[in-house]
Amino acid sequence: VQLQASGGGLVQAGGSLRLSCVASGRTLSNYAVGWFRQAPGKEREAVAAVLWGFGRTTYADSVRGRFTISRDHAKNTVYLQMNSLKPEDTAVYYCAAKFRGVTVVAGDFDSWGQGTQVTVSS
């Protein structure tokens, strides 16, 4: 599956952005899809994921209650709605997919989109 991430940008603290991850080549309903981020000098971390099967969603503690991951099966797209953004959310955000994936470990994901930069100013 090929993934195309978009939607990043510059926003003030407290603002919102919606990232999109559009898939081609395969239907995302058969995949776990995760959003990961990497800030300069930091490890890549899992932000949110929607898992294969019953579509269970998981979130990092740092974003729970502020970010929401969702699927649009008709558009073969996964979104990450990010509200109440903080400067510490600044990072390059990546979407990734794993066929019938049930974990959110980055190393388990084998299809990655290009990153989209999110910058939150204070």
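Here, residue 1 is the first one in the sequence, and each next residue gets the next number.
The CD atom of Gln2 sits 12.5 Å away from the CD atom of Gln114 when rounded to the nearest 0.5 Å. Between atom CZ of residue Phe67 and atom CG of residue Asn83 there is a gap of 8.5 Å, rounded to the nearest 0.5 Å. For the atom pair Ser70 OG and Gln81 CD, the distance stands at 8.0 Å (nearest 0.5 Å). Taking OG1 of Thr116 as the start and OH of Tyr93 as the end, the distance is 10.5 Å to the nearest 0.5 Å. One distance of note links CG of Leu3 with OG of Ser24; it measures 7.5 Å at 0.5 Å rounding. Separating the OG1 atom in Thr90 from the CD atom in Glu88 is a distance of 8.0 Å, to the nearest 0.5 Å.
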>> The test is side-chain contact (heavy atoms from CB on, under 4.5 Å); show your working for Val11 and Thr119 and say whether it passes.
In response: CA-CA 6 Å; Val11 64; Thr119 304; over 6 Å; no
> Taking it one step at a time, do Val118 and Leu17 satisfy side-chain contact (heavy atoms from CB on, under 4.5 Å)?
Replying inline: CA-CA 9 Å; Val118 171; Leu17 285 173; 3.9 Å; yes
>> Please evaluate residues Val63 and Arg37 with respect to the criterion side-chain contact (heavy atoms from CB on, under 4.5 Å), reporting the C-alpha separation (whole Å), side-chain torsions for both, the decisive distance (0.1 Å), and the verdict.
In response: CA-CA 12 Å; Val63 307; Arg37 67 186 181 187; 4.0 Å; yes
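The minimum heavy-atom distance between Ala5 and Cys95, with the atom names listed, is CB-SG, 4.0 Å. When every heavy atom of Ala91 is checked against every heavy atom of Ala39, the shortest pair comes out as CB-N, 3.8 Å. In terms of heavy atoms, Ala60 sits closest to Ala46 at CB-O, 3.5 Å. Closest heavy-atom contact between Ile69 and Tyr59: N-OH, 2.9 Å. The two residues Leu28 and Arg71 come nearest to each other via the heavy atoms O-NH1, 2.6 Å. Taking each heavy atom of Lys98 and Asp110 in turn, the nearest pair found is NZ-OD2, 3.7 Å.
Between the side chain of Ser20 and the main chain of Tyr79, no donor-acceptor pair closer than 3.5 Å is present. No side-chain donor-acceptor contact under 3.5 Å links Asp108 to the backbone of Thr103. With hydrogens and angles disregarded, a donor-acceptor distance shorter than 3.5 Å links the side chain of Arg66 to the backbone of Ser62. Remark: side-chain polar atoms of Asn76 are paired, donor with acceptor, to backbone N or O of Arg26 under 3.5 angstrom.
There is a path of hydrophobic side-chain contacts, each under 4.5 Å, that joins Phe109 to Val92. One hydrophobic cluster, built from ILVMFWY side chains closer than 4.5 Å, holds both Phe99 and Val33. Hydrophobic clustering (ILVMFWY, side-chain heavy atoms < 4.5 Å, transitive): Met82 and Val78 are in one cluster. Residues Leu19 and Val50 are members of one and the same hydrophobic cluster, defined by side-chain heavy-atom contacts under 4.5 angstrom among Ile, Leu, Val, Met, Phe, Trp and Tyr. Linking ILVMFWY residues whenever their side-chain heavy atoms come closer than 4.5 Å, directly or via other members, leaves Val120 and Tyr94 in distinct clusters.
Side chains of Thr77 and Asp72: no donor on one and acceptor on the other come within 3.5 Å.
In this structure, Arg44 is not positioned above the aromatic face of Phe36 in the sense of NZ or CZ being under 6.0 Å from the six-membered ring centre and within 45° of the axis.
Using a 4.0 Å cut-off between charged nitrogen and carboxylate oxygen, Arg64 and Asp61 count as a salt-bridge pair.
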